[in-house]
There are 8 protein chains.
Amino acid sequence: MSADFARVDLGRAERCGRAETVFCEGKHPSEVAEIASILRGAGQAVLATRATREHFGAVAAMFPDAVWHNRARCITVGSNPHAAPEHTVAVVCAGTADLPVADEAAVTLESFGHRVGRITDVGVAGLHRLLDETDRLRSFSVLIVVAGMEGALPSVVAGLVDRPVIAVPTSVGYGASLGGLAALLGMLTSCSSKVTVTNIDNGFGAACAADAILRLAAGQR
Amino acid sequence: MSADFARVDLGRAERCGRAETVFCEGKHPSEVAEIASILRGAGQAVLATRATREHFGAVAAMFPDAVWHNRARCITVGSNPHAAPEHTVAVVCAGTADLPVADEAAVTLESFGHRVGRITDVGVAGLHRLLDETDRLRSFSVLIVVAGMEGALPSVVAGLVDRPVIAVPTSVGYGASLGGLAALLGMLTSCSSKVTVTNIDNGFGAACAADAILRLAAGQR
Amino acid sequence: MSADFARVDLGRAERCGRAETVFCEGKHPSEVAEIASILRGAGQAVLATRATREHFGAVAAMFPDAVWHNRARCITVGSNPHAAPEHTVAVVCAGTADLPVADEAAVTLESFGHRVGRITDVGVAGLHRLLDETDRLRSFSVLIVVAGMEGALPSVVAGLVDRPVIAVPTSVGYGASLGGLAALLGMLTSCSSKVTVTNIDNGFGAACAADAILRLAAGQR
Amino acid sequence: MSADFARVDLGRAERCGRAETVFCEGKHPSEVAEIASILRGAGQAVLATRATREHFGAVAAMFPDAVWHNRARCITVGSNPHAAPEHTVAVVCAGTADLPVADEAAVTLESFGHRVGRITDVGVAGLHRLLDETDRLRSFSVLIVVAGMEGALPSVVAGLVDRPVIAVPTSVGYGASLGGLAALLGMLTSCSSKVTVTNIDNGFGAACAADAILRLAAGQR
Amino acid sequence: MSADFARVDLGRAERCGRAETVFCEGKHPSEVAEIASILRGAGQAVLATRATREHFGAVAAMFPDAVWHNRARCITVGSNPHAAPEHTVAVVCAGTADLPVADEAAVTLESFGHRVGRITDVGVAGLHRLLDETDRLRSFSVLIVVAGMEGALPSVVAGLVDRPVIAVPTSVGYGASLGGLAALLGMLTSCSSKVTVTNIDNGFGAACAADAILRLAAGQR
Amino acid sequence: MSADFARVDLGRAERCGRAETVFCEGKHPSEVAEIASILRGAGQAVLATRATREHFGAVAAMFPDAVWHNRARCITVGSNPHAAPEHTVAVVCAGTADLPVADEAAVTLESFGHRVGRITDVGVAGLHRLLDETDRLRSFSVLIVVAGMEGALPSVVAGLVDRPVIAVPTSVGYGASLGGLAALLGMLTSCSSKVTVTNIDNGFGAACAADAILRLAAGQR
Amino acid sequence: MSADFARVDLGRAERCGRAETVFCEGKHPSEVAEIASILRGAGQAVLATRATREHFGAVAAMFPDAVWHNRARCITVGSNPHAAPEHTVAVVCAGTADLPVADEAAVTLESFGHRVGRITDVGVAGLHRLLDETDRLRSFSVLIVVAGMEGALPSVVAGLVDRPVIAVPTSVGYGASLGGLAALLGMLTSCSSKVTVTNIDNGFGAACAADAILRLAAGQR
Amino acid sequence: MSADFARVDLGRAERCGRAETVFCEGKHPSEVAEIASILRGAGQAVLATRATREHFGAVAAMFPDAVWHNRARCITVGSNPHAAPEHTVAVVCAGTADLPVADEAAVTLESFGHRVGRITDVGVAGLHRLLDETDRLRSFSVLIVVAGMEGALPSVVAGLVDRPVIAVPTSVGYGASLGGLAALLGMLTSCSSKVTVTNIDNGFGAACAADAILRLAAGQR
């Protein structure tokens with residue numbers, strides 16, 4: 001089924017494991033609402049990322065049960081069944097300025113039916129905060145670690161746990177942060193070899209990668 | 001236990017799930033052999049990456065069962081038990097020039113006790129070669145996709161399967177390839193949201209990430 | 001003939017095959033209108049790119065038949081005769097966010113007297129959408145392929161057709177997209193060797209290149 | 001048909017208009033010879049680029065009629081029929097240091113069955129040399145313009161002719177040339193709008209693009 | 001003599017040949033006015049660059065004879081005696097979008113007591129416009145050449161004249177222009193060896209360099 | 001006093017606190033020996049960095065008591081009196097590949113008359129190794145922390161101690177390490193605010209900065 | 001003790017020598033006020049950097065003795081006892097545009113209980129201004145040198161004194177300044193070997209590094 | 001007149017003021033000798049830059065009076081008459097490692113018939129060495145200032161003299177020097193406004209620019 005301005009891929013859930021998510025940047029509120037309508041019409045839950053309140057207004061006008069996640073800049077309508085009941089994903093972040101990206105990851109995971117545990121404000125400059133959480137860190141099945149500036153947190157976390165670690169650099173910082181490039185390069189060159197990395201500020205992508213891992217672990221498609 | 005020039009971390013397997021791997025660049029052959037000796041003494045299998053024939057010579061003098069993996073530039077001594085019997089990892093690569101990196105990933109995975117399936121020379125410019133393998137691609141639990149130049153293969157593969165996809169950019173290319181940066185940036189900005197990325201030419205890191213996923217999926221530490 | 005602020009090159013159509021196009025950025029609306037007036041006075045059609053509604057207002061006040069192409073940010077006045085009747089140019093784009101650039105290419109081509117076919121929202125992450133259009137893709141004489149993010153679409157399209165493919169990177173994306181550099185580098189290092197590339201967001205330039213090819217193919221100047 | 005290390009795509013000529021070309025970098029001489037053998041066995045002409053004398057030795061041992069193009073670093077075996085008899089392609093270059101890249105373009109075009117005209121050493125600092133060739137420049141159907149350093153030549157040439165201009169930046173230069181990036185950026189931002197660009201030093205790619213244009217112009221596949 | 005926020009260097013004219021110029025960015029209008037006041041009190045002419053209308057307002061309130069140069073974003077109060085009567089400086093620019101930078105150079109030169117000749121809109125894509133001015137180009141003592149995009153104009157001009165050529169890259173352009181870096185790199189790697197270069201958009205600096213040359217040529221300090 | 005090829009600054013110790021050090025890169029062995037001779041003639045100790053065995057040979061031929069520090073690539077002749085007896089400087093490094101840079105720092109400090117404590121192979125991926133050294137880390141007056149790859153170690157160390165921390169990025173790593181730029185950017189954007197940074201691989205500079213701090217702390221010039 | 005959105009580290013003064021400073025960017029005014037409240041409740045002085053007047057409003061509503069440092073963009077509440085009575089820190093800056101960064105350093109140092117001496121507007125283009133201050137420069141225990149554009153001032157200052165020099169690049173400049181990168185690179189490659197460097201515009205970090213040095217020099221924790 | 005591989009521009013002296021110089025990189029020794037032969041045949045002096053001893057051997061075999069300038073890597077044959085008798089050009093350089101570039105400038109100037117004064121090893125870290133030369137610096141008509149690393153010397157020199165200053169960045173340095181980019185950016189953003197800049201290591205270009213200035217000052221073509 002197809003809106004005028006975009007082909008909505010209703011078969012995607014079948015083929016790739018997840019319904020299409022609406023990336024709102026550059027889309028008119030009415031376009032987002034129309035895509036939401038097509039997805040809901042096909043019985044699928046809606047997740048819209050990088051949304052504004054204007055996008056939410058247009059969606060909420062159609063679906064009163066739509067939810068606005070302010071810091072995450074996400075809209076959700078409806079929800080998916082619990083996907084991997086035995087597993088929890090950690091969303092760890094270094095500083096409070098990284099919270100919007102961490103929230104995008106968490107909202108996405110919950111919208112996909114996963115259980116999420118949050119650990120916040122555990123930057124490597126105050127290592128004891130992180131070490132106090134070691135046991136909890138080891139209880140998660142997958143860990144998404146979000147950090148800006150020098151982006152060292154995923155290296156440290158990956159040294160403490162033996163589960164998959166997905167690193168998300170953020171654009172938090174100034175000067176030599178180069179809009180998140182310093183954190184990105186730091187994560188790519190991590191001395192903890194099992195760390196993999198997403199684009200800068202891409203909490204959504206990290207959640208998608210974690211989702212694919214958890215569905216595999218849960219023996220599901 | 002500690003060599004003069006480095007602290008060998010014998011407890012790492014316990015803590016992080018895997019024994020330490022020896023990164024040979026910048027190490028003297030005798031240093032590599034000594035670390036191998038400490039690891040073997042503690043009953044652990046040895047994997048040494050970025051090795052030269054000189055490194056291999058020093059190790060093989062001590063351990064006649066050491067194996068030299070030429071294109072992968074790896075040395076293995078001994079092996080680990082089968083880690084995740086129900087799962088196979090794909091190592092997919094775009095061109096024959098990417099084979100050294102793909103081999104490093106495959107040798108690492110096999111050294112870790114995993115089963116590996118190889119798909120080679122399926123660049124996106126000749127899409128039919130890749131599409132002919134669609135069913136096989138969907139049979140793997142995790143897919144490591146290795147590509148240089150524009151690095152588009154992981155995006156395309158991730159659109160065909162619903163399993164975790166780990167992208168490895170290679171330094172194959174010239175001019176605007178910028179030593180692998182073009183492929184790296186392409187993979188980080190992939191329109192297939194579940195792709196995560198390792199450092200350029202880091203086949204070993206991709207294998208470590210896949211290993212962590214498979215041990216989770218197999219319900220193991 | 002010469003306005004105060006710029007030399008309008010009326011002989012350009014004779015010499016280079018096409019009348020001068022007005023690039024509006026940095027020009028005052030009244031300057032754009034004056035150049036349009038000189039061109040119309042010499043019997044030439046007008047195409048103004050990177051225009052604002054203010055530019056359009058000034059031109060429309062002089063020429064009531066001026067047309068405003070909103071998403072393309074172009075103004076046209078009058079039109080050229082059909083230049084290459086047997087040929088059609090494809091303007092293919094990966095995502096809806098790339099439409100402004102694709103539209104600039106299409107408006108330019110139509111203003112130059114060419115027939116344009118549009119294919120939209122066929123990103124490589126959902127390959128089947130693109131493959132469904134294979135026959136249509138092969139029916140075009142020249143293909144302009146517009147993509148942001150990892151910029152992989154031109155590589156894939158060029159592998160499916162044997163006609164000239166002109167790639168246009170867009171600044172769509174964030175983080176490691178680096179304002180379109182990731183897509184640009186990806187297109188330059190394409191494994192499909194016949195792809196050539198324009199500047200980021202330069203839909204106009206791609207149309208000019210296609211125009212030169214079509215006039216050659218049509219045996220015209 | 002398939003060698004052990006690579007899938008040779010014999011159907012490519014049918015599908016994309018040209019048989020596969022062998023890119024020699026990173027391939028063993030025996031591998032290049034084997035691919036050449038498969039292509040010849042299928043009745044196709046062979047073009048191998050980025051070759052060394054060692055590659056040539058291996059191919060010449062099998063095919064005594066193989067030709068070594070020294071400055072272009074290419075090997076050819078056999079030839080293709082004349083593809084577009086009414087058309088000639090210009091290969092223009094700025095300085096003598098650009099000749100290896102210009103030669104790669106010319107050898108490729110001739111191997112593909114095209115007629116080539118060469119114009120050499122017409123850098124923009126000595127404009128009169130270029131202007132003396134204006135009539136000749138206008139006699140070509142397609143122009144490949146090769147330049148290093150500031151890469152200004154394609155802009156100037158494109159202002160003199162109304163045919164397609166394909167710009168090839170070279171890595172000639174030092175310091176702020178940044179290995180060809182200065183020329184690449186200069187060509188991408190050319191004020192002559194119809195210029196399209198290939199990767200740095202990619203004479204082969206420019207020839208492939210010109211070939212697609214000429215086959216279109218000649219009404220052929 | 002010293003304002004509270006800055007040391008005004010009244011001896012600079014003696015030592016370096018020119019009174020201090022006021023760079024307005026980051027300075028409060030009242031600070032600019034105060035520096036102007038100190039300079040005028042010492043009998044020196046005032047030139048203020050990168051000014052806003054607010055800066056001009058503050059200066060004009062004190063000095064009714066202050067002049068506002070709108071496109072150049074400069075303020076002048078008073079003037080210097082003719083410095084090099086036998087010489088004229090050319091300010092050449094490629095496109096109308098480069099005029100603010102060209103104007104900054106021209107206003108600075110005139111404020112320093114030099115005669116300026118302007119040549120505008122002579123981009124290399126329309127070479128004949130430039131060639132028509134060859135005789136006039138050769139009549140100048142020093143040539144400042146301003147260009148954005150690929151920045152090729154100084155190379156071409158320097159090939160036509162035997163006088164000093166100072167190249168000024170501008171931030172005009174988009175995408176691969178990288179805010180003027182493409183033009184800057186192009187000018188630095190110019191094949192015309194006598195070209196020297198200033199910072200991006202630095203019309204003022206080019207005028208200062210030309211001024212030093214002209215005072216030398218005029219046998220003055 | 002002045003050699004033919006360089007001005008040796010014998011008054012530097014008086015003025016800046018330290019005699020001149022000989023940077024050997026680009027100097028002929030005989031030049032290094034001659035400078036050493038001038039310094040020794042003035043009663044000063046000699047430190048030569050970035051030396052080769054050839055440089056050492058030339059110096060040792062004149063001064064039999066010259067010492068060759070192999071991994072540090074330094075030559076020393078004579079020594080300075082103990083400069084700050086109550087203080088010890090730590091030279092901490094992340095991996096064995098960082099040892100040449102760490103050694104350059106240590107040799108420089110010892111040549112300057114300081115006591116040095118070494119902590120090696122305490123990368124952040126194996127945090128327990130570092131934490132085991134916490135008390136020792138806190139016993140130093142100044143800490144030089146050397147790390148390549150993601151360069152996270154200085155951030156972590158600075159969070160454990162309250163003394164000055166000087167970070168030295170190394171060029172250890174590959175791919176996205178960009179020759180040490182990743183580590184450099186990471187250290188500059190450290191979330192531990194008191195970290196300051198030297199150039200890549202500049203162990204000598206870090207030692208000079210530590211020396212200035214210790215002489216201040218010891219109440220000396 | 002812990003606010004909802006952040007863990008306030010009250011033990012930090014004990015462990016790292018200084019209470020936590022509030023970095024305001026990305027924090028809501030009410031969050032900043034709440035952290036200030038926790039710190040004051042624990043008897044600690046408050047320093048908040050990168051603040052806006054809105055942040056100050058929220059803090060001043062709770063603590064009437066809060067001080068707003070306008071150019072430094074800092075808030076202070078209360079103060080620390082004099083930390084190193086025998087020492088004074090210089091904050092030297094090249095131009096008036098660098099004053100906000102210099103002020104951030106000075107306010108931080110004073111808030112930490114240090115005495116600060118200011119030297120302003122001593123850029124290297126007017127060397128005599130700097131040389132006139134030589135004796136005063138030599139009277140300081142530590143020198144923080146702030147400069148934008150080419151960032152040469154720290155090199156020159158470090159050649160005049162024998163005390164620790166901390167260089168702070170600023171984002172002052174345009175074009176090739178690249179947002180402060182030119183100054184940063186210049187400082188990192190300083191020919192004055194004892195210079196260490198902070199992030200661009202990081203006056204706060206420079207003050208923290210100076211504070212650690214002074215507390216060491218004063219024999220304090 | 002024209003060699004097979006290059007067009008030698010004998011009219012260039014007439015048109016641009018100087019005979020063509022031979023850039024040897026990428027040219028065969030026999031080609032360089034042949035160009036030299038053509039130039040000598042037309043009565044012109046020869047200057048060949050970026051030459052090797054092999055190039056010199058080929059030229060010297062034809063012209064026994066050819067001179068090899070070892071550190072400058074230049075060949076000269078014959079000489080030009082004194083061009084500007086009343087003027088001397090300074091070639092100033094920061095460190096001994098910059099001498100090859102400084103020598104290229106000096107040899108070029110002398111080959112062009114100018115008088116050259118050399119000032120060496122006056123880096124800004126030891127300012128007194130430079131200040132001792134102030135009077136001599138002020139005696140030159142044009143100053144070429146060569147520096148690597150942070151490239152601060154031209155800013156300082158330009159603040160001391162009122163004559164044209166041409167800055168030449170060198171690739172001397174490591175790490176953050178980025179092959180001379182740090183020095184280049186520093187010179188472009190110099191706070192001394194009259195500084196203009198050449199490409200990295202381009203001593204030849206600086207000499208050409210100085211030559212054009214001196215011929216103007218001497219009232220010559």
Side-chain angles (χ1 to χ4, degrees), chain G residues 93-98 121-134 137 145 147-162 165 167 169-197 200, chain H residues 93-98 121-134 137 145 147-162 165 167 169-197 200:
Chain G
C93 85
T96 54
D98 301 318
D121 211 9
V122 289
V124 299
L127 213 54
H128 61 104
R129 303 184 201 179
L130 181 67
L131 296 174
D132 289 352
E133 304 275 7
T134 305
L137 284 168
V145 186
M149 303 173 82
E150 87 271 62
L153 189 58
S155 293
V156 174
V157 168
L160 296 173
V161 305
D162 70 342
V165 172
T170 71
S171 52
V172 169
Y174 59 90
S177 288
L178 300 176
L181 273 182
L184 172 63
L185 295 175
M187 290 170 178
L188 286 166
T189 57
S190 172
C191 52
S192 296
S193 46
K194 74 178 167 242
V195 173
T196 60
V197 188
I200 297 164
Chain H
C93 84
T96 53
D98 301 318
D121 211 11
V122 289
V124 300
L127 214 53
H128 61 103
R129 303 184 202 179
L130 182 66
L131 296 175
D132 290 351
E133 305 275 7
T134 305
L137 284 168
V145 186
M149 302 172 85
E150 88 271 62
L153 190 58
S155 293
V156 173
V157 168
L160 297 172
V161 305
D162 72 339
V165 173
T170 71
S171 52
V172 169
Y174 59 90
S177 290
L178 300 176
L181 273 181
L184 172 62
L185 295 174
M187 291 170 178
L188 287 165
T189 57
S190 172
C191 51
S192 295
S193 47
K194 74 178 167 243
V195 173
T196 59
V197 187
I200 297 164

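Order of the sequence lines sets the chain letters (A, B, ...), proteins ahead of strands, with each chain counted from 1.
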List, one per line, each side-chain donor-acceptor pair under 3.5 Å for residues 177-184 of chain H, sequence neighbours excluded.
unit_1   : atom_1 : unit_2   : atom_2 : d
H:Ser177 : OG     : H:Tyr174 : N      : 3.3
H:Ser177 : OG     : H:Tyr174 : O      : 3.3

Practice task
Check the pair G:Val124, H:Val124 against side chain to side chain contact (heavy atoms under 4.5 Å, CB included), reporting the backbone distance first and the verdict last.
Solution key: CA-CA 10 Å; G:Val124 299; H:Val124 300; over 6 Å; no
Exercise for the section: Hey, could you give me the CG/CG distance between H:Leu130 and G:Leu127, rounded to the nearest 0.5 Å? Expected result: 7.5 Å
Expected list for residues 147-159 of chain G: side-chain donor-acceptor pairs under 3.5 angstrom, two or more places apart:
unit_1   : atom_1 : unit_2   : atom_2 : d
G:Glu150 : OE2    : H:Ser155 : OG     : 2.4
G:Glu150 : OE2    : H:Cys191 : N      : 3.2
G:Ser155 : OG     : G:Ser190 : OG     : 2.7
G:Ser155 : OG     : H:Glu150 : OE2    : 2.4

Practice task
Locate the shortest heavy-atom distance separating G:Ala176 from H:Leu185; write the atom from each residue and the value.
Solution key: O-CD2, 3.6 Å
